[in-house]
Amino acid sequence: MIADPQLNPAAVELGSFFPQPPDAVWRALTEPDLLERWLLRPTGFVASVGTRFRFTASGASNDEIVCEVLAARPGEQLTYSWLHPQAEQPARWIVDWTIRPQGRGTRLLLTQTGFDIEDRRQKMIRNATERSWKRLVLPRLGAVIHH
């Protein structure tokens, strides 16, 4: 995973390389049973623009993330909105996954936008979100893609 300090400071932008082909990465991003293994349990998810769905943590159906697919180009890009309505101060983020073939593998770029870094609390949330993607979520995604 590579974090580039020249990128937008108000966004989380992380790149990862996986030795598997783009279709394996796409499946991990879009197949509900695989999504649940590395991110959260999706309900109503289909990789089709306009699909509204939600993510929940296992056993926590009252704590959910409400989403809508904004872009879906198989093997290339998946973008969805991300809203946590139960948060003390709900904010709407956009999560974008860009997939590019690279050599014999795949370059995956995660971009999460919508943070207001002029707001101290939002800046802290942005930084915590980046750490979570980097240290927890993307390594789990890599393990799912590998298997």
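Starting from 1, each residue takes its place in the sequence as its number.
Looking only at atom types and distance, the side chain of Thr111 has no donor-acceptor partner in the side chain of Asp96 under 3.5 Å away.
Here Ile125 contributes atom CD1 and Thr129 contributes atom OG1; the two are 7.0 Å apart, rounded to the nearest 0.5 Å. Remark: Thr98 OG1 to Arg73 CZ distance equals 7.5 Å, nearest 0.5 Å. Considering CD1 of Ile117 and CG of Asn8, their distance stands at 7.0 Å, rounded to 0.5 Å. Atom CE of residue Met124 and atom CG of residue Asp119 lie 10.0 Å apart, to the nearest 0.5 angstrom. Atom CG of Asn127 is separated from atom CZ of Arg131 by 6.0 Å, given to the nearest 0.5 angstrom. For the atom pair CG (Leu34) and CH2 (Trp26), the distance works out to 13.0 Å, reported to the nearest 0.5 Å.
You'll find the side chain of Pro19 stays beyond 4.5 Å of the side chain of Arg104, heavy atoms only. Using a 4.5 Å cut-off on side-chain heavy atoms (C-beta onward), Leu29 and Ile99 make contact. For the pair Glu130/Leu14, a side-chain contact is recorded, criterion being any heavy-atom separation below 4.5 Å from C-beta on. Under the 4.5 Å side-chain criterion, counting only non-hydrogen atoms from C-beta, Val12 is in contact with Phe115. Side-chain atoms of Arg100 and Glu76, non-hydrogen and from C-beta on, do get closer than 4.5 Å to each other.
Taking Pro85 as the reference, Val66, Leu83 meet the side chain to side chain contact (heavy atoms under 4.5 Å, CB included) condition, with sequence neighbours excluded.
Under a 3.5 Å cut-off, the side chain of Ser132 and the backbone N or O of Ala128 do not form any donor-acceptor pair. Judged purely by atom type and a 3.5 angstrom limit, Arg126 uses its side chain to pair as donor or acceptor with the backbone of Ala11. Judged purely by atom type and a 3.5 angstrom limit, Gln112 has no side-chain atom pairing as donor or acceptor with the backbone of Trp93.
Scanning all heavy atoms of the two residues, the minimum distance from Ile145 to Ala28 falls at CG1-CB, 3.6 Å. A pairwise comparison of heavy atoms in Ala72 and Val49 identifies N-CG2, 3.8 Å as the closest pair. The shortest heavy-atom contact between Pro22 and Gly105 is CD-O, 4.3 Å. Of all the heavy atoms in Ser16 and Leu138, the pair that sits closest is OG-CD1, 3.9 Å.
Within a 6.0 Å radius of CZ in Arg140, other residues, nucleotides and ligands contribute more than 12 heavy atoms.
By the 30° and 60° cut-offs, the orientation of the rings of Trp38 relative to Trp133 is tilted. Classified by interplanar angle (parallel below 30°, tilted 30° to 60°, perpendicular above 60°), the ring pair Phe55/Phe53 is perpendicular. Phe45 and Tyr80 have perpendicular rings, their planes meeting at more than 60° on a 0 to 90° scale where under 30° would count as parallel.
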Leu141 and Leu108: CA distance, side-chain angles, deciding distance, side-chain contact (heavy atoms from CB on, under 4.5 Å) verdict: CA-CA 11 Å; Leu141 171 60; Leu108 179 65; 3.6 Å; yes
Using the rule given for side-chain contact (heavy atoms from CB on, under 4.5 Å), can you reason through Leu110 versus Val137, listing the C-alpha separation, both sets of side-chain angles and the distance that settles it, and then say yes or no? CA-CA 11 Å; Leu110 160 66; Val137 181; over 6 Å; no
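Ion pairing of Arg37 with Asp33 is absent here, as no side-chain N (NZ or NE/NH1/NH2) approaches a carboxylate O to less than 4.0 Å.
The residue from Leu35, Ile65, Thr56 that alone fulfils the side chain to side chain contact (heavy atoms under 4.5 Å, CB included) condition with Leu40 is Ile65. Partner of Glu68 under the salt bridge (charged side-chain N to carboxylate O under 4.0 Å, His left out) criterion, out of Arg52, Arg54, Arg92: Arg52 alone.
Under a 4.5 Å side-chain heavy-atom criterion applied to ILVMFWY residues, the cluster that includes Ile94 comprises Leu70 as well.
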